[in-house]
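Below is one structure, written out as structure tokens; the observations come after it.
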There are 2 protein chains.
Amino acid sequence: MRIVKEHEERRNEILNSAQTLFVTKGYTKTTINDILQAVGIAKGTFYHYFKSKEEVLDAIIERIIQADVAKAQHIASDATLSAMEKLFAILLAQAPQQGDHKEQLIEHLHQPDNAEMHQKSLVQAIIHLSPILTEVIEQGIEENIFQTNYPQETVEFLLVSAQVIFDEGFFQWQPEEMLQRATAFVQLIERALGAKEGSFQKMLTILLK
Amino acid sequence: MRIVKEHEERRNEILNSAQTLFVTKGYTKTTINDILQAVGIAKGTFYHYFKSKEEVLDAIIERIIQADVAKAQHIASDATLSAMEKLFAILLAQAPQQGDHKEQLIEHLHQPDNAEMHQKSLVQAIIHLSPILTEVIEQGIEENIFQTNYPQETVEFLLVSAQVIFDEGFFQWQPEEMLQRATAFVQLIERALGAKEGSFQKMLTILLK
DNA sequence: CTGATATGACCGACTGTCGGTCTATATTTA
DNA sequence: TAAATATAGACCGACAGTCGGTCATATCAG
């Protein structure tokens, strides 16, 4: 049967189905035919929209990161907030990844053996999120609550650590191991940014979702 | 033509050729036939030694990590060294990855888009190296040169950061960007471990290889 | 209003590649 | 010489990607 749709609508259908499959089965194990079946289209249609399977992955990652970046940008540009408030708000906005096409993700754990997706997410997150966070840190330095000569690089290190350590796809921690790492991470942030000891304690609540 | 070799010798030939190919072309883009051609053997011979392409990758990673772990273990168990000396020595031993089957790697850059290899290396390095380093840190705490309640977790964070940020496969930094990150990383180590400011300055020399 | 034409969404058979299997044969060892 | 081990390459199924073409719709000429 033949059903005609608008370009963007069809494209999003493909992205949505592919995202669900990539997350649940893993990118490599998901076949083009899986996607075709899920969307209910033919091969040709798929390749009318994307020129490869990897291009779909890139589009999905971009869509996810784009949403996070938008939130972060919005918070960072609020002139009424202190650096610390911004930092908390941005980190809080990342953690629970809800939203239109993300509801699905919460249910399923990140798939181990999904290296491509993990790596691409990581790299894109660093590239797009770190400039925004760096500005917030610089604001915090002016406010005299942070102290470091390397705001940009510190942000990168912290983002990488958090993404890898807390991503279920890399390590499968027990609950108490997770708690331990979250606590340690809070201390690491404080020390790395040169913040007052205990000033990030509130973040524990956020991390323990 | 038919050439018979000892089990270990043939196996190592396969690992060596595969490693070169994985590093230069990337794991996914390297085909079994590429390996067969490089070694000069037939399909059946390959599968006599390994039951899958991924098993070859795992064996390669294990071989690399194993060498690093052995070095680290040897240093860590030297009772005449201070914690700081051990730390330097271990990190120094990692950086320039020379040796029998590693000479090749130095020449070629790490391939971007080699997610499987990067991820597996990272995870294995953390798993096998962090216990050894943790003991060294604990020694340093007893020596009163480090101060942290989370030696294990701190080591994990630092290892992850270093592996990802300094791995050419993830980001391609310019020389001055690399220097900047190395300097920032030195400060991060000091702060994370609660060491005296400047005590890790010597490490810069090591990192700048 | 109506037929011609252009656009692009849609289809699925087909192709080439690749990881992996299977069977045959040669060599070594006991 | 029998069993175990090593080597060979033909073969297979699954999969990503291609290709030639159909069909719906919008626009425009008469």
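All chains are named by letter (A, B, ...) in the order of the sequence lines, taking the proteins before the strands, and each is independently numbered beginning at 1. The structure presented is a predicted model; accordingly, all values stated were derived computationally and were not measured. Worth knowing before you read on, the calculation uses all heavy atoms, side chains too, and leaves out hydrogens, waters and symmetry mates.
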Can you confirm whether the side chains of A:Glu116 and A:Thr28 place a donor and an acceptor under 3.5 Å from each other? yes
Touch check for B:Thr31, heavy atoms < 4.0 angstrom, all strands: base, sugar-phosphate only, or nothing? sugar-phosphate
Using a strict cut-off of less than 4.0 Å between a Lys/Arg side-chain nitrogen and an Asp/Glu carboxylate oxygen, indicate whether B:Asp78 and B:Lys86 qualify as a salt bridge. no
Kindly indicate whether the side chain of B:Phe50, heavy atoms from C-beta on, has any atom under 4.5 Å from the side chain of B:Arg11. yes
Whole angstrom value for the distance that separates P of C:dG19 from OH of B:Tyr47: 7 Å
Have a look at A:Thr28 and say if it touches a base, only the backbone sugar-phosphate, or nothing, with a 4.0 Å heavy-atom cut-off. nothing
To the nearest Å, how far apart are B:Glu8 CD and D:dT5 C1'? 15 Å
How close or far is atom C1' of C:dC18 from atom NZ of A:Lys53, stated in whole angstroms? 13 Å
Taking atom P of D:dA16 as reference, at what distance in whole Å does atom CD of A:Glu55 sit? 15 Å
Less than 4.0 angstrom between a side-chain N/O of B:Thr45 and OP1 or OP2 of D:dA8, yes or no? yes
Using 30° and 60° as the class boundaries, would you call the ring planes of A:Phe166 and B:Phe157 parallel, tilted or perpendicular? tilted
For A:Gly44 and A:Ile32, find the nucleotide of DNA chain D closest to each by heavy atoms; which residue's nucleotide sits nearer the 5' end? A:Ile32
Counting only side-chain nitrogens and oxygens, does A:Arg10 get under 4.0 Å of the OP1 or OP2 atom of C:dC10? yes
How many whole angstroms separate atom CD1 of A:Ile35 from atom P of D:dC15? 12 Å
Scan A:Tyr49 against the nucleic acid and name what it touches under 4.0 Å (heavy atoms): base, sugar-phosphate only, or nothing. sugar-phosphate
Closest-nucleotide ordering on DNA chain C, the 5'-leading residue of A:Lys43 and A:His48: A:His48
To the nearest angstrom, how far is A:Leu36 atom CG from D:dA14 atom P? 16 Å
Please give, in whole Å, the distance from C:dC10 C1' to A:Glu9 CD? 14 Å
Side chains of A:Thr31 and A:Asn33 only: does a donor on one sit below 3.5 Å from an acceptor on the other? no
Would you kindly give the CZ-to-P distance between A:Phe50 and D:dA16, to the nearest whole Å? 15 Å
